[in-house]
Amino acid sequence: MNQLGQTLKSLKDQHFENWKATVLSLDATNPDDFDRRICFMHFPSTDRIAKTVSEIARGSNPERICVVEAGDVFAPGALSAIAKASSDPMEVIIFDEDAVDDAGTHMLPRLKGPLNKQLEYTENWIGYGAFFPAKLVANAVPHNATSPSLAAYSVALKAIEWRLPFASVPHVLLSTPTKTPDKQANPANTFSPSEVDAAKKILSAHLHAIGAYSAVEDGFLDGTLRISLASDYDPGKVSIVIPTMDHADMLEQCVSSLLNVATYKNIEIILVENNSKEDETFALYDRLQHENPRIVKVIKWQGNFNYSAIVNFGAAASTGKFLLLLNNDTEVIVPSFIEEMLALATIPEVGVVGAKLYFKDMLVQHAGMLIGPYGGISHVNQNFPDIRPGYQNRALTQCSFSSVTGACQMMRREVFDEVGGYDEVLAVGFNDADFCLKVRAAGYDVVFTPYAELYHYEFVSRGREGIDPEKQARWEQERNAFFKKWHDELENGDPLVSPNLDRDNWYYALPDIQTA
C-alpha cells in the first residue's frame, strides 16, 4: 500500500464517520477510490497550496480542518477523541504525535502538552498535530506558504493572533513515517532547509500583526528561528537593578562586565546597598559613581534584608522603560545579552524574559524553571553542556516557561507595575517564581532565551539556606506561604508540560511504569 493509501485507510478505520478528506495532488490522475467522503483535487504547482487550502475551508463547509501529508496515519479513535475534546467551534485542538518506521515501530513521541506560544514561534512545534476552525483556515494561509507544513504553521500563528482558545488532547493521535536519519535524531518539528526563508517571512508578518518591533533570523539549531530586535527600533533606557551587600570584588566584576562587555549602552545601573560593612564596598561605590556619573547610582536600603522589598525599592528609584533585575553574582558572557532579552521583552504579549545562566564550569545553571516537581520549583535541564538542546530543543530555543529565575529577569516597567512588583511577604525564597506566576495570571507569557548568556556564581553572597538553621526556617515559612498562594498550580503540575511526562523530573522524562 502506498503512503496515500495508508493515510486514507487510517481515516476509513475510524469509528467516527462524520469526516471528509480532500487529497491535493500534482498528478492529474485520480486514484481508484470511490469512498464518498474522499475527493481528489488537482493543482498545477506548490505555489497554489495556500490558495487551495483556503478555498477548501471556505467551500466545503467543514467545522475543523487538519492538514497532513500522505503517509501520516491517524490512530484508531483519533477523530472521536477530537470530537469529544471541545464544544467550542472556534477552539484549536492540538494533540501529540510520533514517528513510525517501515517495520511499524513507533518512536520519538512528541508529547506537547498545552500551547507553548514562544516555542511555536521558534519551530513548527504544533506541526500537523492540530485541528483548526475552518473559519480560521479560510483567512489564514499566506501565499508564501508553499508546503503543507508551512500552511499549518501559518494557520497556527493566525490562531494566536486572533487569540483563539487552545485545547490539548494528551494522546498520540498521528504518526508520521520516518524519512531521514536527521528526523530520527531530532524529534522536534524543525523546518526543512527549503522552508526556512518562507517561515521567517510568515513569522515576521505575525510579529508585525501583534505589534512587535522584531526581526527574524536563523536559530542556533538548523531549521529553527530566532526573534531578534529590529535594527531600526530603539527600545529606550534599560534600568538594571542590582541588590548588593559587600563582596566588592564580585560586584565590581558584575558591573564591569555591564559597562565594558555589554554592547547596549542606554542603561542605568541602580545598586541597592543592603547593610554592607566592609570599607572596600563603599570605596567601590564611590569609584563606580565617580567614573560613571550618568550611569551608576547607589541607593541605600534602610531595613532588614528582604529581597522583594529591595527589588521594589530599586525599581521605584529607576527611570528606564525596561527593568533588568540582576544578581550581583552574575557576569556577562554574550555582549549582546541585553539586546537579546529586549527582542522578546518588546513583544506586547511577553511579560518576563529570562536568560541562560551558567555555573563557572560552563554547565547550565538556569534554562527555565518548572512548577510542581516534588511540590516545588525546579531548574529544568540544569548541568547540561552549553550545546545540548534538551527535549524539544527547549534548552537552545526561545520558548515559554512557567517561571524564570530572578537572578536575571527583564520586563517592561508597565508589566512590573501592573502586577504590583515582587511580593514582599516572600522576603528571600520563591519571590521570582511568584512574580512570574502573577505575570502569567495577568495574561502575559514568561519566556526564556538561550541567546542571552551570563555566568551565575550562585550562593556566593547569601549562602545556602540549609547551612544556617535560621535561614532554613525562614525558607520553609516562605515556601508554605508560596504553596498556599499557588496551591492549584503546584498540585496540578507545570501548566506547560504534558501530563504524559514525569511531573517530578527536571529533564522531561517519561514516568516509570509500575507493573505487577
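Nothing here was measured: the structure is a model prediction, and the numbers come from that model.
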For Lys485, look at atom NZ and say whether over 12 heavy atoms of other residues, nucleotides or ligands are found less than 6.0 Å away.
yes
May I ask you to establish whether Arg226 and Tyr451 are in a cation-pi arrangement, using a distance under 6.0 Å from NZ or CZ to the six-membered ring centre and at most 45° from the ring axis?
yes
With no hydrogens and no angle check, is any side-chain donor or acceptor of Ser257 less than 3.5 Å from a backbone partner on Val332?
yes
Looking only at side-chain N and O atoms, does Glu268 offer a donor or acceptor that is under 3.5 Å from a partner on Ser239?
yes
Distance (rounded to the nearest 0.5 Å) between Leu251 CG and Asp246 CG:
10.0 Å
If I compare all heavy atoms of Pro243 with all of Tyr307, which pair ends up nearest, and what's the gap?
CG-CE1, 3.7 Å
Can you tell me how far the CD1 atom of Ile242 sits from the CG atom of Leu324, to the nearest 0.5 Å?
8.0 Å
Do Asp96 and Asn500 have side-chain atoms, one donor and one acceptor, less than 3.5 Å apart?
yes
Does a side-chain N-to-carboxylate-O contact under 4.0 Å join Glu273 and Lys300?
no
Could you check whether any side-chain heavy atom of Val238 comes within less than 4.5 Å of a side-chain heavy atom of Asn266, counting everything from C-beta outward?
no
Test side-chain hydrogen bond (donor to acceptor under 3.5 Å, both in side chains) on Asp329 and His456 and set out the steps.
CA-CA 6 Å; Asp329 56 355; His456 183 204; 3.2 Å; yes
Short N-O contact, Lys158 and Glu161, less than 4.0 angstrom
yes
Would you say that Thr449 contacts Val353 through its side chain, given a criterion of any heavy-atom pair below 4.5 Å between the two side chains?
yes
Examine Tyr457 together with Phe359 and report whether their ring centres are nearer than 6.0 Å.
no
Please determine whether side-chain hydrogen bond (donor to acceptor under 3.5 Å, both in side chains) holds for the pair Gln382 and Trp506, giving the CA-CA distance in whole Å, both sets of side-chain angles, and the decisive distance to 0.1 Å.
CA-CA 8 Å; Gln382 196 169 77; Trp506 303 355; over 6 Å; no
Pi-cation contact, Phe132 with Arg64 (under 6.0 Å, within 45°):
no
Is it the case that the side chain of Gln398 and the backbone of Leu119 share a donor-acceptor pair, with hydrogens and angles ignored and the cut-off at 3.5 Å?
no
Is the shortest side-chain N to carboxylate O distance from Asp386 to Lys356 below 4.0 Å?
no
Short side-chain to backbone donor-acceptor contact, Gln365 and Leu357, under 3.5 Å
no
Rounded to the nearest 0.5 Å, the CZ atom of Arg163 sits from the CE atom of Met90 at a distance of 14.5 Å
Check whether NZ of the Lys or CZ of the Arg Arg388 lies under 6.0 Å from the centre of the six-membered ring of Phe384 and within 45 degrees of that ring's axis.
yes
For Asn505 and Leu501, indicate whether the former's side chain and the latter's backbone hold a donor-acceptor pair under 3.5 Å.
no
Asn306-Glu424 side chain donor-acceptor pair, cut-off 3.5 Å
no
Is there a donor-acceptor pair under 3.5 Å between the side chain of Asn393 and the backbone N or O of Leu396?
no
Could you grab the distance from atom CD of Gln477 to atom CZ of Arg479, nearest 0.5 Å is fine?
11.5 Å
Cationic N near anionic O, under 4.0 Å, Asp494 to Arg503
no
Please confirm whether the backbone N or O of Val404 pairs with a side-chain atom of Gln409, one donor and one acceptor, at under 3.5 Å?
yes
Provide the closest heavy-atom pair for Gly303 versus Asn274 in the form atom of the first, atom of the second, distance.
O-OD1, 4.4 Å
State yes or no: are the ring centers of Phe430 and Trp486 separated by less than 6.0 Å?
no
Least distance between heavy atoms, Val415 atom then Gly351 atom:
CG1-O, 3.8 Å
Asp423 versus Lys438, closest heavy-atom pair with distance
N-NZ, 4.1 Å
Taking the basic N atoms (NZ, or NE/NH1/NH2) and the acidic carboxylate oxygens, is any pair closer than 4.0 Å for Lys117 and Glu349?
yes
Would you say Ser54's side chain and Asn139's backbone share a donor-acceptor pair under 3.5 angstrom?
no
Atom CG in Asp432, atom OG in Ser403: separation rounded to 0.5 Å?
5.5 Å
Can you see which heavy atom on Leu225 is nearest to which on Ala199, and at what distance?
CD1-O, 3.9 Å
Checking Phe416, Phe435, Phe401 against Val352 for side-chain contact (heavy atoms from CB on, under 4.5 Å), the one that qualifies is Phe435
Can you tell me if Ser276 uses its side chain to pair, donor with acceptor, with the backbone of Glu278 under 3.5 Å?
no
Please check if the side chain of Arg412 supplies one atom and the backbone of Pro348 the other of a donor-acceptor pair under 3.5 Å.
yes
Would you mind checking if Glu252 and Arg287 are paired as a salt bridge, meaning a charged N to carboxylate O distance below 4.0 Å?
yes
Over all heavy atoms of both residues, which pair between Tyr121 and Tyr153 is shortest? Give the atoms and the distance, please.
O-OH, 3.1 Å
State yes or no: are the ring centers of Tyr264 and Phe337 separated by less than 6.0 Å?
no
Yes or no on side-chain contact (heavy atoms from CB on, under 4.5 Å) for Leu229 and Thr346, after CA distance, side-chain angles and deciding distance?
CA-CA 8 Å; Leu229 199 61; Thr346 55; 4.1 Å; yes
Using a strict cut-off of less than 4.0 Å between a Lys/Arg side-chain nitrogen and an Asp/Glu carboxylate oxygen, indicate whether Lys200 and Asp218 qualify as a salt bridge.
yes
Can the ring centres of Tyr358 and Tyr455 be said to be less than 6.0 Å apart?
no
Salt-bridge contact Glu97-Lys112 (side-chain N to carboxylate O under 4.0 Å):
yes
Any donor-acceptor N/O pair, Asn116 side chain to Ser400 backbone, under 3.5 Å:
yes
Spatial distance of atom CD (Gln253) from atom CG (Asn328) [nearest 0.5 Å]:
11.0 Å
How about Glu339 and Thr263: does a side-chain donor come under 3.5 Å of a side-chain acceptor?
yes
